[in-house]
Every structure is written in structure tokens, then in C-alpha cells.
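Here the structure is a predicted model, which means the values were calculated and not measured.
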Amino acid sequence: MSKEQTDSSRAEKWTFALTVVSLIAGGTVVAGLVDRWSSSPSDDISVASSSSISMTSTPDEMAPEDVPEFSYVTPSAVYPTTIPGCESVEAPEEDSFFSYILDGSDTYDDPRFPWFSSAKAAAMSDAVKQALPKDVELKFASPGNSLQFGPISAPSNTDGLPGGFSLEELASTTASGTLIRDGKIGALSLMLHSSSDPIPSCVAGSLVERRVLADQSVVDLQDTWTETNGVRTLNRSAMLYGADGTRIQAYVNDTNNDGGRDAESSGVVPLTLDELATLVAMPQLLVTTPVPPGTAPLQTDCGGWADESSGRELDRGIVDALGDALRSGWHAAAPGAPDLGSQLGDLVLAENDTTTACQDLVARSDGNESRLSISITSGQPLPTPPNKYDPSYDGHPLSMVTAEDGSVIERDERHYATVPMTNDGSKAESTQEMSRSVVVTRPNGTQVSVSSSAAIPNDPMTFEQLEFLATTEGLEIR
């Protein structure tokens, strides 16, 4: 096999890797184990045995004999073989390992990758959602878990890249979501990047079919399975090698969380190979396709403030009703209140918390600009006043009062400095900021948290304005 073929084949197979992500001081380590895949999930086991990986760890608090062994098994490739659409098929490669470091400065507008922007991400996200089959439901979730493409993830420089990989290959944007079809659940994820590498050769175990499109783009299809600690997960994928340099992988399985430790397998993959092939071949996903005029902006992920997620799981109807209450309530705000924009009330589920609705906004008034965060959850106990004589008392919150209806209203204010990170991983100058917050906890457990922060010389919203929002009629989860 030539070096050019070896490199391009390697570029294809890493996207099917078992990926391990670890947080470290100053960045994220991404490690991948590239494994071999079967030519079909129904391979005769008398012909193709399985390849496996076993790993054990010994936490300090566990005796070595009690530590469970981690096993990851995939079908071995059958070779020699033929694959539809492939003129020739090469022998499978040995498993390999790679890792690199991300510095955490992902952004939608990285000048190193001019083909991508927040507007492009929004257009692609809308296209993917609209292209799902009519009988497939996208499970209600936070924006980041609703097939919304995230910022470009790429190393800050070319130092320490895995051997043979370019920065262009590692700069990708991803989207993921949970699908429901005929009552069966599955996880869909997409990864997109640009590459000038040639289309790789067909490799046994890496695909079950190759299709050549009218513009000479190529789609490789895979249908296989993996087993983690004896639990089998069914997987299908489609990989587009676009004639314009676009590389898109769509990957779907039969679990609710991409095959993690707590995965629940439905036994049915919610998309067919043909549907995956159609998805990756959409012209709206090509890096050379311009953004349509009037594309709506991306929804922003936000987080809840509750210490524990013990409230009711929220559905779309509850979240929309809370948003309507916010919009109608703010219309009655006193004169001189800041402009919160037309998106006020466009609440979303909090990231990784299905019991909380939230939204982040910008408040503007007479040249003053501040950030506003709104969070609504339930199942929260009424707070009790702090013991001001306790040595651990730090003076926060500033005040806590009980309203006539039994709601507890907390006010707080803080001063601090922020040090943003730049795209190259260096630190910018620190900025002095101030924040104010109002938290209203109702007797039924509903808790509304409203916080405003601003970089000096701007001012956050006043306590009165924040409390007006937090006590808006209709902001209750029953």
C-alpha cells in the first residue's frame, strides 16, 4: 500500500474511533483507539472471530480483586472479501492509538477555518432536523443535545499533533441528538470537517458499501456492532468524501446515550443506511454552500443553578408556557427598563438537566450593556437564613426575606475579575466585573433564579428589575 493510500485510509478510520476525553489543567486530552470493523453485523462467527480490548484500573478505595475489567469487543474483518461499489479491497490494518490536547478555546468564528461560522452552524443544524424522516422524532433536549452543531474543536497550534494528521483534519464541528422511531430510541451524531486528502481505498471491515454520487463525491456505509462489558450496541454510519473537500460522518446506534455505561439498548437502529446516506449527501452541509439569507441564530446552551436536580422533568409544553409568561410579564415593566430583545422567553432545557429551563440574554439601556441569565426549576426546599455568627459565613446572600405568599426572596451582589482565554491559548487582560442576583423560591418548590453581570464601567440590572422578572406571574412548575 502506498503512503498516500495509508494516510488517507488512516484519516477515514479515525472518525470511527473509540474516543476517550479527559480534562486536565489548561485543556482537554482527546485520545482515540482505532479498531477494526466487520464487513457486516451478520458475519458468520465460524469465519470471523471478534477482536477485543481489555483494560483494568485499580482505584485506591477498591481491592485489586474487586476491580471490574473493562472489555470492548468488535467483529474482526473477513479478508479477502468483496464490497459493493469497491473495485478492490485492501487488508485491514492493525489497531492504533493516538492522542492530542485541546485548550478549551473552541469558537464558531475561527479565522483559520473560514468555511465555518455560527450562521453556518445554524443553517446546517436546521437542515439536518428538517431532513429527518417524518416518522422520526427528535427527543426534546437542550440545544447542544438537539442536533445543533457546536463550535469548531481544534488544537490551538500544530505542535503535538498525532503523527500524520493535519490541523485541517482535526478541526471539526459535531452535532448530536436522541431519536425515537416506533417507540424505539437511538443516538445520532454527526461530525464535519474539511480535508484535501484523497478518497481512501476500501479496507476490509471498514465499510459494507461504497456509493459514488453524480458529482463524484463518495459515500461509504457501515453496519456493525460493538460490545462493552458484554453489552451489545448496534451501529450504522455513513461517511461522505465530498468533491469540494467536505468530510461528513453520520453515526447512529440503538442506545440513548451513545453506548456509555448507563446506556439502554433498544435493539433497533432508528435510521437505515439509505437514510444516513441521504443525510450526509445534503448540499446544505457542504463547506462550500453559502448560508441562506434570514437564517435564524443558534440557540444558546445554558445551565441551571439548583444544587440538586430533584424537580419535575420538563417537556416542551411546560418550557413554552414559562417562556410565554416571561414575555407577557416583561411588557408590564416600569419605564426605563432595559431592552431584553425579541428573544426573551425563548427558554430551553438546561444543559445536562432536564428539570430546569433557562435562557441567557443581553440587556441594553442607554449605552449600558449587561448579561442576563434566567433559570427556572422545581423541587427546591425553602432556604433558611444563614447564621451570621457562624465562622464560615461569608456575607452572602446580602438579604433574605419572606413574602406574603410564603416565597423566600434572596438578593446578592458580587465583585470579581475575569481572565478570558484567546484562540491561541494565551490569557488576555483581566476585566473587573460585578453581578447582582435575585432568587425566588416558592412554597411549592419552584425556584426562579435571575442574575445580571456586567464589565465595569457598565452596570448590571438593578435588584428591582431582577425581582420584577423573578416574581413574574405564571413562572411556576406544578
Quick one, [X] and [Y] - any side-chain contact, counting heavy atoms below 4.5 Å?
{"X": "Val128", "Y": "Met282", "answer": "yes"}
{"X": "Thr441", "Y": "Val448", "answer": "no"}
{"X": "Gln249", "Y": "Ser237", "answer": "yes"}
{"X": "Ser125", "Y": "Leu298", "answer": "yes"}
{"X": "Leu326", "Y": "Leu475", "answer": "yes"}
{"X": "Thr178", "Y": "Ile185", "answer": "yes"}
{"X": "Phe463", "Y": "Glu413", "answer": "yes"}
{"X": "Leu132", "Y": "Leu188", "answer": "yes"}

Restricting to non-hydrogen atoms, name the atom on [X] and the atom on [Y] that form the minimum distance, rounded to 0.1 Å.
{"X": "Gln465", "Y": "Gly336", "value": "NE2-O, 4.1 Å"}
{"X": "Ala357", "Y": "Leu314", "value": "N-CD1, 3.6 Å"}
{"X": "Leu271", "Y": "Glu275", "value": "CA-OE1, 3.4 Å"}
{"X": "Val348", "Y": "Gln299", "value": "CG1-NE2, 3.5 Å"}
{"X": "Gln284", "Y": "Ala127", "value": "CB-CB, 3.6 Å"}
{"X": "Phe149", "Y": "Ala121", "value": "O-CB, 3.9 Å"}

To the nearest 0.5 Å, what is the distance between [atom1] ([X]) and [atom2] ([Y])?
{"X": "Trp330", "Y": "Leu344", "atom1": "CH2", "atom2": "CG", "answer": "8.0 Å"}
{"X": "Tyr416", "Y": "Glu433", "atom1": "OH", "atom2": "CD", "answer": "4.5 Å"}
{"X": "Leu398", "Y": "Asp412", "atom1": "CG", "atom2": "CG", "answer": "4.5 Å"}
{"X": "Asn235", "Y": "Asp223", "atom1": "CG", "atom2": "CG", "answer": "8.5 Å"}
{"X": "Trp115", "Y": "Thr246", "atom1": "CH2", "atom2": "OG1", "answer": "8.0 Å"}
{"X": "Thr174", "Y": "His193", "atom1": "OG1", "atom2": "NE2", "answer": "13.0 Å"}

Using modelled atom types and a 3.5 Å cut-off, is there a donor and acceptor pairing between side-chain atoms of [X] and backbone atoms of [Y]?
{"X": "Ser452", "Y": "Arg436", "value": "no"}
{"X": "Ser365", "Y": "Asn368", "value": "no"}
{"X": "Thr173", "Y": "Gly150", "value": "yes"}
{"X": "Gln359", "Y": "Gln343", "value": "yes"}
{"X": "Lys120", "Y": "Thr289", "value": "yes"}
{"X": "Ser378", "Y": "Arg312", "value": "yes"}
{"X": "Arg327", "Y": "Gly345", "value": "yes"}
{"X": "Ser375", "Y": "Cys358", "value": "no"}
{"X": "Ser328", "Y": "Ala325", "value": "yes"}
{"X": "Asp254", "Y": "Gly267", "value": "yes"}

May I ask you to decide whether [X] forms a salt bridge with [Y], counting only side-chain N to carboxylate O separations under 4.0 Å?
{"X": "Arg364", "Y": "Asp339", "answer": "no"}
{"X": "Asp360", "Y": "Arg371", "answer": "no"}
{"X": "Arg236", "Y": "Asp274", "answer": "no"}
{"X": "Lys129", "Y": "Asp126", "answer": "no"}

Taking it one step at a time, do Leu190 and Tyr251 satisfy side chain to side chain contact (heavy atoms under 4.5 Å, CB included)? CA-CA 6 Å; Leu190 297 99; Tyr251 174 91; over 6 Å; no
After noting the C-alpha distance and the side-chain angles of Lys388 and Asp390, does the key distance pass the salt bridge (Lys or Arg N to Asp or Glu O under 4.0 Å) rule? CA-CA 6 Å; Lys388 296 184 179 181; Asp390 188 325; over 6 Å; no
With side-chain hydrogen bond (donor to acceptor under 3.5 Å, both in side chains) as the criterion, how do Ser407 and Asp405 come out once you've worked through the C-alpha distance, each side chain's angles and the decisive distance to 0.1 Å? CA-CA 6 Å; Ser407 298; Asp405 66 354; 3.0 Å; yes
Taking it one step at a time, do Asp182 and Lys184 satisfy salt bridge (Lys or Arg N to Asp or Glu O under 4.0 Å)? CA-CA 5 Å; Asp182 296 330; Lys184 302 294 185 179; over 6 Å; no
Is it true that atom CD of Glu473 has more than 12 heavy atoms of other residues, nucleotides or ligands lying nearer than 6.0 Å?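 Result for CD/Glu473: open.
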Per the side-chain contact (heavy atoms from CB on, under 4.5 Å) rule, which among Leu372, Thr300, Asp346 passes with Leu361?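 Option passing the side-chain contact (heavy atoms from CB on, under 4.5 Å) with Leu361: Leu372.
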Stepwise side chain to side chain contact (heavy atoms under 4.5 Å, CB included) test for Phe468 and Thr462: CA-CA 10 Å; Phe468 183 89; Thr462 66; over 6 Å; no
From CA spacing to verdict: side-chain hydrogen bond (donor to acceptor under 3.5 Å, both in side chains), Glu476, Asn444: CA-CA 8 Å; Glu476 288 198 63; Asn444 70 352; 2.8 Å; yes
Distance alone, cut at 3.5 Å: any donor-acceptor contact between the side chains of Thr356 and Thr377?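 There is such a pair (donor and acceptor under 3.5 Å, judged by atom type) between the side chains of Thr356 and Thr377.
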State, without any angle test, whether Asp353 and Thr355 hold a side-chain donor-acceptor pair at a distance under 3.5 Å.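 Indeed, the side chains of Asp353 and Thr355 share at least one donor-acceptor pair under 3.5 Å.
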Run the side-chain hydrogen bond (donor to acceptor under 3.5 Å, both in side chains) test on Asn145 and Ser142 for me, step by step, so that the C-alpha distance in whole Å, both residues' side-chain angles and the decisive distance to 0.1 Å come before the verdict. CA-CA 5 Å; Asn145 292 310; Ser142 64; 3.1 Å; yes
Derivation and outcome, salt bridge (Lys or Arg N to Asp or Glu O under 4.0 Å), residues Glu467 and Arg411: CA-CA 9 Å; Glu467 187 169 323; Arg411 291 184 173 187; 2.9 Å; yes
Evaluation steps, side chain to side chain contact (heavy atoms under 4.5 Å, CB included), between Val439 and Gln447: CA-CA 7 Å; Val439 180; Gln447 187 174 82; 3.7 Å; yes
Audit row: Asn387, Tyr393, side-chain hydrogen bond (donor to acceptor under 3.5 Å, both in side chains) steps and yes/no: CA-CA 7 Å; Asn387 180 2; Tyr393 176 63; over 6 Å; no
Would Asn229 and Phe70 count as a side chain to side chain contact (heavy atoms under 4.5 Å, CB included) if you check the C-alpha gap in whole Å, the side-chain angles of each, and the deciding distance to 0.1 Å? CA-CA 6 Å; Asn229 293 339; Phe70 174 83; 3.8 Å; yes
